[in-house]
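Note on naming: letters A, B, ... go to the chains in the order of the sequence lines (proteins, then strands), and numbering restarts at 1 for each one. All values reported here derive from a predicted model rather than from experimental measurement.
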Amino acid sequence: MLSIKKLRDDLDNVKKGLALRNLDLSFEPWIEADLRQREIKQEVETLKHRRNQASQEIPQLKKAKKPVETLINEMKTVSKKISEYEHTLKKIESENEDFLLRIPNLPHASVPVGKSEADNQEIRQWGKPPAFSFEPKSHWDIGEALGILDFERGAKIAGARFVLYRGLGARLERALINYMLDVHTASGRYQEMLPPVIVNRDSMTGTGQLPKFEEDLFHLKDNDYLLIPTGEVPLTNIHADEILAESDLPLSYAAHTLCFRREAGSYGQDTRGLIRQHQFNKVELVKFCPPAQSYALLETLLGDAELILQKLGLPYRVVSLCTGDLGFTAAKTYDIEVWVPSQAKYREISSCSNFEDFQARRAKIRYRTEAGKIQHVHTINGSGLAVGRTVVAILENMQQADGSILIPEVLQPYMGGLEKIASI
RNA sequence: GGAGAGGUGGCUGAGCGGUCGAAAGCGGCGGUCUUGAAAACCGUUGAACUGAAAGGUUCCCAGGGUUCGAAUCCCUGCCUCUCCGCCA
């Protein structure tokens, strides 16, 4: 959520920022409603002031054995008016709130300006795409041939975009989760968490999935619970409605969670394979910090995610999303894209963003400065990494002519010392 | 799932329907004292909105209701605890 002060005092710059996102919102109705809201509020407050005064006078008059009938009758009218005004006020306030909750964050000055994905800016590449002496196979062909991925049975059990990992496939997924968490939590860089993967509406609103993106979420209707699309939701909301101490910042959390996405609107995209599943594993990194540190810490967090790929020996590049491709809540985002040989393309495996105070304002995550001032923290998060897609990258980049897969050295201890996965 | 108890400030914990944002204690902060610290004593100590300020409004889990007036009464929901049942 943007600061209402900014909207009132600096609307031109807000509009400019939104224009960079290809967004042209009409603010006129809101401006009017906002004025009206403040007017009514003042009116209500004046009436309430009178009522409060009377509430003190009445007992005094009673004590002095003076008549109170007139005053009470007068207050009856006042109270009636108050509740009428409040009814209107509530309606306007919730409409205004809803409008604000649907405005995206503004891009940071360092974000490249552009219309679409095509304008994203490559920051760096790491590693070289492997050269194969044969036509590299897709990970689903490899996985099925090795008997470690079973898409047919995944579909039978649940439906399209679900997979059954078997044997060493399941082991590999688990190995990656453990490896990633071990690296991130080494020497206390991130505190490990294991949060709920089902959350309430407040949490989803706090991190920005609601109210706008409800159709992307799985919904448990009986009790209005929602399945998280990313670990960012429970991790960020850990500190919702809290005032943190500056001396405790920055806070860094890492967690493995399942993630669930409806993938409404992505029909026809990545219909085969692990890339786009309704349910997947992810290790998420989240930081809370004072505003002055957030851009430096975004780089740190990005580096932490990159480290995993480096240690696994998987070629990747880092891309800075342009203003037109930025997610709803982000002020700045780096995507890490890993090389996928069968597609001869880099594909997203991590997204690292600085939300500035956008989520903190929604979720009411604040901190007290050393000077005693209370202000919103900045939140930063990123995948470290999407586990299923890491499996994709390993299967495809490490594939051998004989159909086997070499297991990255750092992962071997997590695979019981196994050096490769081969069909028996 | 059944029966009961309860949700008050950083914590513990008072609070008759009417000067209650809320006693008291602890903790925190500032000071006196001290070479320093502890102890003792004194003072101070929630948040949001609004206003240049003075001030005003709101918040005692959440949402409704009763009332001139609600932390206090009623209803609903959520959460916590105890007992029973079931259960990984």
Measure from the side-chain heavy atoms of [X] and tell me the nearest of [options].
| X | options | value |
| --- | --- | --- |
| A/E45 | B/rU57, B/rC68, B/rA47 | B/rU57 |
| A/I72 | B/rA47, B/rC68, B/rC79 | B/rC68 |
| A/K90 | B/rU19, B/rG63, B/rA47 | B/rG63 |
| A/S55 | B/rG69, B/rA47, B/rC49 | B/rG69 |

Rounding to an integer number of angstrom, what distance separates [N] and [M] when you compare their [atom1] atoms?
| N | M | atom1 | value |
| --- | --- | --- | --- |
| B/rU19 | B/rG69 | P | 14 Å |
| B/rC59 | B/rA53 | P | 23 Å |
| B/rA71 | B/rU82 | C1' | 25 Å |
| B/rC33 | B/rA38 | P | 15 Å |
| B/rC42 | B/rA24 | P | 13 Å |
| B/rU57 | B/rC20 | P | 14 Å |

Should the pair [X]-[Y] be classified as a salt bridge under the 4.0 Å nitrogen-to-oxygen rule?
| X | Y | value |
| --- | --- | --- |
| A/K115 | A/D119 | no |
| A/K6 | A/D10 | yes |
| A/R276 | A/E263 | yes |

Using only modelled atom types and a 3.5 angstrom limit, is any donor from either the side chain of A/K48 or the base of B/rG56 paired with an acceptor on the other?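 No such pair is found, so the answer is no.
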Measuring to OP1 and OP2 of [N], would you say a side-chain N or O of [X] lies under 4.0 angstrom away?
| X | N | value |
| --- | --- | --- |
| A/H49 | B/rU57 | yes |
| A/S79 | B/rU67 | no |
| A/R366 | B/rA48 | yes |
| A/R368 | B/rG46 | no |
| A/R8 | B/rU50 | yes |
| A/K5 | B/rU50 | yes |

Assign [X] to base, sugar-phosphate, or nothing according to its heavy-atom contacts below 4.0 angstrom with the strands shown.
| X | value |
| --- | --- |
| A/R51 | sugar-phosphate |
| A/Q42 | nothing |
| A/I374 | sugar-phosphate |

Using both distances under 3.5 Å as the test, list the Watson-Crick or G-U wobble partner of [N], or none.
| N | value |
| --- | --- |
| B/rC79 | B/rG6 |
| B/rU44 | B/rG28 |
| B/rA70 | none |

Return yes when atom CD of A/E409 has more than 12 non-hydrogen atoms of other residues, nucleotides or ligands closer than 6.0 Å, and no otherwise.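 Counting other residues, nucleotides and ligands, CD of A/E409 stays at 12 neighbours or fewer.
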Side-chain contact test, heavy atoms from C-beta onward, threshold under 4.5 Å: evaluate it for A/W339 versus A/R347 and give yes or no.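 Counting from C-beta outward, A/W339 and A/R347 never come under 4.5 Å.
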Using whole Å, what does the distance between atom P of nucleotide B/rC68 and atom CD of A/Q56 come to?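 Between P of B/rC68 and CD of A/Q56: 19 Å.
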Tell me: CG of A/L89 to P of B/rC49, nearest whole Å? 16 Å
Looking at A/Y253 versus A/Y190, is the centre-to-centre ring distance below 6.0 Å? no
Between A/K76 and A/N52, who's closer to the 5' end of RNA chain B by nearest nucleotide?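 Mapping each residue to its closest nucleotide by heavy atoms, the 5'-most match is A/N52.
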